[in-house]
Amino acid sequence: MIGFTPTEEQQQLVRTARGYAERHIRPLVERVKRDGPPADPWPLVQPVFAEGAALGLTRLFLAPDLGGMGGSCLDAVLMLEELGAADVGLASDYFALTACMPLMAARAGGASAEAFLRRFADAPAMVLAGAQSEPDVPGSELMMAGPDPAFGPKLSALESPDGWRLTGRKSAFITNAGAADCYFIIARTDPALPVFSGLSIFLVPAGTPGLTVGRKTKLIGWPLTTHAELVLDDVRLPADALIGTRGGAAMTFASVPEMPVCLAACFVGLARAAFEHAKGYAADRRSMGQPIARHQAVALKLAEMAVNVETARLHVWQAAAACASDPMRAAMLLAPMAKATAVDMAIRNAELAVQVLGGYGVTAEYDAGRYLADAWIGWSCDFTRDVLHLGIAQAVTDDG
Ligand SMILES: Cc1cc2nc3c(=O)[nH]c(=O)nc-3n(C[C@H](O)[C@H](O)[C@H](O)COP(=O)(O)OP(=O)(O)OC[C@H]3O[C@@H](n4cnc5c(N)ncnc54)[C@H](O)[C@@H]3O)c2cc1C
């Protein structure tokens with residue numbers, strides 16, 4: 001059966017997330033609008049994140065016996081749309097990512113993953129990060145590398161008598177680098193093997209000797225987030241730092257279609273926020289004796305924006321439902337579709353909002369320009385639109 005009505009529990013989750021966003025995220029967003037982007041946003045974000053974590057918003061996927069909500073991907077996307085409407089960067093980086101990484105650990109399986117999940121359960125405001133991309137390796141290679149072992153991440157993990165030794169660098173895009181308590185780092189355990197069997201996932205706690213945070217990246221938007229390089233200089237890890245099976249990193253990542261779907265949900269929130277912003281402005285702003293919303297040229301833009309929100313949301317809900325009912329179809333087709341479409345719709349709605357607001361659309365006083373910069377970032381985070389579309393093309397043209 002196909003249902004579009006959230007349950008009473010889901011509606012309560014939406015109310016909780018919306019209330020949290022209003023009380024805690026919005027004031028932070030207003031502060032940044034007033035004072036400009038902070039050089040280091042984490043001290044400002046940390047207490048806000050801790051409030052959200054205390055509400056259980058990062059434990060959505062964690063099993064109830066570990067103190068989590070045991071929620072579904074549909075629950076998560078409902079929650080993340082609300083956070084994304086308040087601030088897409090904060091929603092994506094701190095909440096979507098931190099909520100999804102434990103799911104990845106659970107899917108990877110094994111004793112070390114279970115031990116990590118217990119630690120996560122006991123640390124209410126733990127922040128997580130995942131590091132795949134590298135400075136000299138195009139991020140797209142992780143998805144496109146195919147059977148040639150020359151392509152893909154190079155950071156090396158050598159097995160030693162007492163565990164593992166990791167050496168190399170991760171790109172200056174690593175989300176939450178410097179803020180995270182724990183990093184999921186992808187490393188080459190077998191350089192002669194291709195990406196889908198030569199990479200493994202290691203859990204590296206912040207503060208591990210040899211792990212340092214390098215150059216920071218300044219984005220055109222997302223001022224509350226932190227992205228930086230990670231440098232690993234002979235980082236020594238115990239044998240059980242490897243999560244899942246040796247060589248199983250690509251399979252483990254593919255087993256979590258929830259990750260791109262959750263990211264997509266944050267952009268549904270942005271598409272909605274841009275629409276609501278433009279609608280409110282068009283109701284108040286008058287030209288030729290009437291609200292500009294009454295002029296057909298503006299009304300049609302608002303209509304397109306409303307359609308875009310529903311289009312993005314339907315894609316995301318469908319992909320979220322498939323994460324439970326048909327995870328393979330979700331991973332190969334519906335999750336990349338949802339992410340690419342939600343970002344497209346967010347960008348389009350932000351552009352339209354800029355137009356509806358006229359001159360005010362390009363001022364820092366109003367939100368339309370901020371939405372546009374924030375939306376564009378979605379184009380390349382967690383694989384570019386083109387790379388996602390190439391994956392979709394493969395899925396729809398392959399037989400079987
Ligand atoms: C905000 C943000 C957060 C991020 N967070 C993380 C993170 O937490 N962890 C992490 O590991 N990485 C992270 N990244 C990195 C991200 O995954 C990469 O930026 C992304 O995959 C693109 O890689 P690239 O920048 O190297 O571009 P490239 O791979 O160099 O691509 C450049 C252009 O070429 C195209 N292209 C490249 N190869 C092909 C091909 N084979 N066929 C067709 N077209 C191709 C791309 O579509 C793109 O248009 C983040 C990036 C951003 C912007």
Side-chain angles (χ1 to χ4, degrees), residues 37 41-42 84 87-101 104 127-148 150-155 166 168-188 194-195 199-202 204 206 213-232 249-250 252-253 256 259-260 262-264 266-267 270 336 339-340 343-344 346-347 373-394:
W42 179 233
D87 188 83
V88 72
L90 193 145
S92 307
D93 278 11
Y94 299 105
F95 285 96
L97 185 63
T98 297
C100 286
M101 295 310 267
M104 197 168 74
V127 178
L128 301 174
Q132 312 140 39
S133 55
E134 298 180 4
D136 301 322
V137 181
S140 310
E141 276 191 14
L142 194 73
M143 189 90 140
M144 312 294 293
D148 190 336
F151 301 123
K154 303 281 185 293
L155 189 141
L166 270 59
R169 301 171 95 86
K170 290 294 178 187
S171 84
F173 284 111
I174 305 309
T175 298
N176 298 337
D181 298 288
C182 224
Y183 297 89
F184 286 68
I185 294 188
I186 293 214
R188 280 267 171 188
V195 153
L199 298 172
S200 307
I201 305 174
F202 292 87
V204 185
V213 176
R215 188 170 66 84
K216 282 189 179 178
T217 295
K218 242 185 171 160
L219 298 174
I220 57 170
W222 295 25
L224 292 167
T225 66
T226 85
H227 300 87
E229 197 179 23
L230 290 178
V231 182
L232 288 89
T252 300
F253 264 82
V256 196
M259 192 97 83
C262 283
L263 188 56
C266 302
F267 285 89
L270 172 50
K339 196 256 168 170
V343 171
D344 280 353
I347 292 173
D374 283 354
W376 269 330
I377 291 172
W379 209 89
S380 24
C381 67
D382 203 19
F383 299 117
T384 66
R385 180 183 191 276
D386 286 349
V387 164
L388 292 176
H389 275 232
L390 287 169
I392 294 166
Q394 199 174 11

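We count ligands from 1, going down the list as the structure has it; atoms in each ligand are counted the same way. Worth knowing before you read on, the calculation uses all heavy atoms, side chains too, and leaves out hydrogens, waters and symmetry mates.
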(message) I need the Leu390 CG to Met143 CE distance, nearest 0.5 Å.
(response) 8.5 Å
(request) Using a 4.0 Å heavy-atom cut-off, say whether Thr384 meets ligand 1 through its side chain, its backbone, both or neither. (result) side chain
(message) Can you tell me how far apart SG (Cys381) and CZ (Phe173) are? Round to the nearest 0.5 Å.
(response) 10.5 Å
(message) Within this structure, what is the CZ-CD1 distance for the pair Phe267 and Ile347, rounded to the nearest 0.5 Å?
(response) 8.0 Å
(request) Using modelled atom types only, decide if a donor and an acceptor are shared between the side chain of Lys339 and the backbone of Gly378 within a distance under 3.5 Å. (result) yes
(message) To the closest 0.5 Å, what do you measure between CG (Leu232) and CZ (Arg169)?
(response) 10.0 Å
(message) Tell me the protein heavy atom at minimum distance from atom 9 (N) of ligand 1, and give that distance in Å.
(response) Gly130 O, 2.9 Å
(request) With sequence neighbours left out, write down each residue that passes ring-ring contact (aromatic ring centres under 6.0 Å, His included) with Trp376, or none if nothing qualifies. (result) none
(message) Determine whether any protein heavy atom is located less than 4.0 Å from atom 50 (C) of ligand 1.
(response) yes
(request) Report the nearest protein non-hydrogen atom to atom 3 (C) of ligand 1: residue, atom name, distance rounded to 0.1 Å. (result) Thr175 OG1, 3.5 Å
(request) Give the residue and atom name of whichever protein heavy atom lies nearest to atom 34 (O) of ligand 1, and the separation in Å to one decimal. (result) Ser140 OG, 5.0 Å
(message) Out of Trp379, Phe383, Phe173, who is nearest to atom 6 (C) of ligand 1 when you count heavy atoms only?
(response) Phe173
(request) Indicate, as side chain, backbone, both or neither, the part of Leu390 found under 4.0 angstrom from ligand 1 when only non-hydrogen atoms are considered. (result) side chain
(message) Show the atoms of ligand 1 that are less than 4.0 angstrom away from any heavy atom in Met144.
(response) 41 (N), 42 (N)
(message) Under 3.5 Å between any N/O of Ser171 and any N/O of ligand 1: does that happen in this structure?
(response) no
(request) Specify the protein heavy atom at minimum distance from atom 30 (O) of ligand 1: its residue, its atom name, and the distance to 0.1 Å. (result) Pro138 CB, 3.5 Å
(request) Under 4.0 Å from a heavy atom of Ser133: give me the atoms of ligand 1 that qualify, with their elements. (result) 10 (C), 11 (O), 12 (N), 13 (C), 15 (C)
(request) Specify the protein heavy atom at minimum distance from atom 2 (C) of ligand 1: its residue, its atom name, and the distance to 0.1 Å. (result) Cys381 CB, 3.4 Å
(request) Could you see which bit of Ile377 sits under 4.0 Å from ligand 1, with heavy atoms only: side chain, backbone, both or neither? (result) side chain
(request) Report, in ascending order of atom number, the atoms of ligand 1 lying under 4.0 Å from any heavy atom of Val387. (result) 47 (O)
(request) Using the test ring-ring contact (aromatic ring centres under 6.0 Å, His included), find all partners of Tyr183 that sit at least two apart in sequence or belong to another chain. (result) none
(message) Given 3.5 Å as the limit, does a donor-acceptor pair link the side chain of Glu134 with the main chain of Lys154, or not?
(response) yes
(message) Once you measure the plane-to-plane angle for Trp42 and Tyr94, does it fall in the parallel (<30°), tilted (30-60°) or perpendicular (>60°) bin?
(response) parallel
(message) Going by the closest heavy atom to atom 16 (C) of ligand 1, which one wins out of Ala131, Ser380, Gly139?
(response) Ser380
(request) Output the distance between atom NZ (Lys218) and atom NE2 (His227), rounded to the nearest 0.5 Å. (result) 14.5 Å
(message) Given 3.5 Å as the limit, does a donor-acceptor pair link the side chain of Glu141 with the main chain of Gly152, or not?
(response) yes
(message) Using a plain distance cutoff, I'd like to know if Asp386 has any nitrogen or oxygen under 3.5 Å from a nitrogen or oxygen of ligand 1.
(response) no
(request) Have a look at ligand 1 and work out which part of His227, if any, has a heavy atom under 4.0 Å from it: side chain, backbone, both or neither. (result) side chain
